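A quick write-up on the structure given underneath.
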Amino acid sequence: MFLFSSSWNIEKLFLQTPRTLKAEQLMLKSFQLEQLQKVTNNFSQDCLVGSGAFGNVYRGTFDGEGTLAIKKAHTESYTSTEDFENEIRLVSKVKHKNLVSLVGFCQGPGTKGAKILVYEYVPNGSLLDYIMGRGGRSLTWRQRVRIAIGAAKGIAHLHEGIRPSIIHRDIKPSNILVGENFEAKVSDFGLVKSGPAGDQSHVSSQIKGTPGYLDPAYCSSLQLTPFTDVYSYGVILLQLVAARPVVAKTRGHPNYHIIDWARPSLERGSINDIIDANLLMEECSMEMMLKIGQLGLKCVVKVPKERPTMTQVWQELESAFFSAENIIHKQPSNGLASLPSRSVERGSHRTKQLDCSQSSVSIDGIRLQKFYMDIDGLSFGSAKLRCLDNYTINFEDDSYDLTGTSEETNPSRNEEFKLNI
């Protein structure tokens with residue numbers, strides 16, 4: 001979901017535009033309902049790739065356009081035709097390689113008519129799939145860094161590259177899609193509201209977002225600024241390091257937030273206790289992963305204005321990535337965790353080429369015990385027993401009910417889409 005920020009009155013802005021949408025003027029394609037029914041086999045389950053309270057998302061292949069994602073809203077998802085048209089006008093202006101692009105729309109007559117948005121198709125699922133290891137998916141350290149940089153650039157474009165600016169308000173792993181070349185694509189365009197100009201804050205009567213990623217400062221004050229997105233993004237940086245749910249159930253901690261869990265190690269300048277075990281099974285720049293974790297903490301500091309902007313975030317990440325690559329090329333063994341090659345499929349009983357010839361390995365002089373375990377079909381390959389110490393982790397999704405979090409949600413907007421596209 002996004003916030004429309006402008007000193008103009010939004011109603012006056014849209015009254016200046018003709019009521020009937022002109023696809024050509026918006027540089028969009030106008031689809032006929034019959035076309036969309038044909039390419040989705042009448043919106044069949046076979047073509048369904050995601051669903052939520054707002055509606056369903058289908059995959060369809062067109063002559064000329066190729067494969068696209070078709071987001072079909074429920075009848076009650078839009079309170080008026082104007083809401084749907086306003087969303088299209090806003091999203092049509094968002095053009096960036098790290099943002100999911102709107103290709104076109106289909107609008108039926110009247111309030112009850114079809115309201116469908118057609119987006120570019122993103123083939124490699126969402127970042128949440130990789131963090132949770134769904135289907136045996138995992139990311140190398142370089143892929144994690146590139147996704148972090150790409151997502152930051154996309155969000156920065158919303159904040160600074162568009163006038164009026166946009167605040168997303170629901171940055172989370174399931175809304176960061178992974179492209180064909182593992183580039184990040186920020187998705188879930190939706191809520192449009194008027195807001196102030198400049199660096200002023202927007203006062204919201206309702207808190208919107210996903211528990212676990214919601215900025216506490218926003219929840220307590222209802223003051224919404226771009227730094228609200230920075231907080232949510234900071235949580236994601238910690239998840240990229242640890243591949244851990246935003247809130248996990250642990251012994252003695254029924255709702256253990258990843259910030260509280262990771263902060264002690266990162267403040268000590270240590271990454272070993274929290275890093276994703278998959279990264280310890282292959283070459284990895286430990287310095288870069290530590291940098292990501294520490295930058296994540298900067299993004300979630302209590303006072304919003306003390307957080308970096310998203311432009312500062314991606315610039316800092318790019319600079320650190322460049323330095324890490326130079327160190328690797330000059331001194332391959334410095335700062336790297338190098339272990340025997342492996343292939344482990346999480347969520348499956350199959351393992352391939354897991355090297356168990358040695359009972360332990362050494363990383364930068366630290367001897368670690370290797371082990372393999374299979375728990376109810378969920379398989380782990382790890383070089384650190386401490387990675388699972390005392391943790392009972394829920395691998396469901398990235399929406400959690402946090403004790404003490406008061407959230408007024410809009411079911412038609414706040415429900416996430418499980419987009420495996």
Side-chain angles (χ1 to χ4, degrees), residues 1-4 49-57 69 71 73 77 87 90-91 94 96-102 117 119-132 134 137 139 144 146-159 162 166-179 182-192 207-215 218 224 226 228-240 245-247 258 296 299 310 313-314 396-400 407 409-421:
M1 59 188 80
F2 294 78
L3 178 86
F4 192 87
V49 295
S51 62
F54 181 87
N56 296 330
V57 180
K71 181 178 175 182
S77 294
E87 179 174 338
L90 173 64
V91 179
V94 177
H96 191 274
K97 66 179 181 179
N98 295 116
L99 298 171
V100 174
S101 298
L102 181 66
L117 299 175
Y119 288 95
E120 68 172 306
Y121 179 76
V122 185
N124 287 329
S126 73
L127 180 57
L128 181 64
D129 297 329
Y130 295 88
I131 288 175
M132 296 292 97
R134 292 173 179 168
R137 300 184 186 188
L139 297 166
R144 296 176 200 225
R146 292 185 181 115
I147 287 173
I149 292 172
K153 287 183 175 181
I155 301 168
H157 182 72
L158 295 175
H159 292 176
I162 299 173
I166 296 173
I167 300 173
H168 190 290
R169 290 207 285 176
D170 201 18
I171 299 294
K172 57 184 177 180
S174 60
N175 283 339
I176 298 176
L177 306 185
V178 181
F182 284 85
E183 72 277 11
K185 295 271 191 178
V186 179
S187 69
D188 190 17
F189 298 76
L191 191 61
V192 178
I207 297 174
K208 303 289 185 178
T210 301
Y213 299 91
L214 278 167
D215 177 10
Y218 165 47
L224 186 65
T228 304
D229 286 347
V230 175
Y231 178 93
S232 303
Y233 175 85
V235 176
I236 293 176
L237 288 184
L238 298 179
Q239 291 187 283
L240 282 170
V246 64
V247 176
I258 191 170
C299 292
M310 290 307 304
V313 167
W314 73 253
E396 293 296 328
D397 56 38
D398 58 359
S399 299
Y400 297 87
E407 180 188 20
T409 60
N410 181 343
S412 68
R413 296 290 187 184
N414 196 46
E415 179 71 15
E416 71 179 70
F417 287 98
K418 301 301 181 184
L419 291 180
N420 296 315
I421 59 176

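Model, not experiment: these values are computed from the prediction.
- Closest approach of Ser126 and Pro173 over heavy atoms only: CB-O, 3.8 Å.
- Between Ile131 atom CD1 and Leu240 atom CG the span is 5.5 Å, to the nearest 0.5 Å.
- For Lys185 (side chain) and Lys97 (main-chain N/O), a donor-acceptor pair under 3.5 Å exists by modelled atom type.
- Summarising the geometry, atom NZ belonging to Lys71 is positioned 4.5 Å from atom OH belonging to Tyr119; distances are rounded to the nearest 0.5 Å.
- Contact between His157 and Leu99 at its shortest, heavy atoms only, is CD2-CD1, 3.8 Å.
- The line from CD1 of Ile236 to OH of Tyr231 is 12.0 Å long, rounded to the nearest 0.5 Å.
- When all heavy atoms are compared, the tightest approach of Gly209 to Pro211 is O-CD, 3.9 Å.
- Qualifying side chain to side chain contact (heavy atoms under 4.5 Å, CB included) partners for Thr228, counting only residues two or more places apart in sequence or in other chains: Asp215, Tyr218, Leu224, Thr225.
- When all heavy atoms are compared, the tightest approach of Glu120 to Val100 is OE2-CA, 3.4 Å.
- To the nearest 0.5 Å, atoms OG (Ser174) and CG (Leu127) are separated by 9.0 Å.
- For Arg144 (side chain) and Leu139 (main-chain N/O), a donor-acceptor pair under 3.5 Å exists by modelled atom type.
- For the side-chain hydrogen bond (donor to acceptor under 3.5 Å, both in side chains) criterion with Tyr213, the lone passing option out of Gln239, Lys172, Arg169 is Gln239.
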List, one per line, each side-chain donor-acceptor pair under 3.5 Å for residues 147-154, sequence neighbours excluded.
| residue | atom | partner | partner atom | Å |
| --- | --- | --- | --- | --- |
| Lys153 | NZ | Glu318 | OE2 | 2.7 |

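- Remark: His159 engages Ile155, Pro226, Asp229, Met310 in a side chain to side chain contact (heavy atoms under 4.5 Å, CB included) (not counting sequence neighbours).
- Summarising the geometry of Val313 relative to Cys299, their closest heavy-atom pair is CG2-SG, 3.9 Å, with the distance given to 0.1 Å.
- Here the side chain of Asn175 pairs a donor or acceptor atom with the backbone of Asp170 at under 3.5 angstrom.
- Smallest separation of non-hydrogen atoms from Leu177 and Ser187: CG-OG, 3.9 Å.
- Side-chain contact between Val94 and Leu102 is absent, with no heavy atoms from C-beta onward closer than 4.5 Å.
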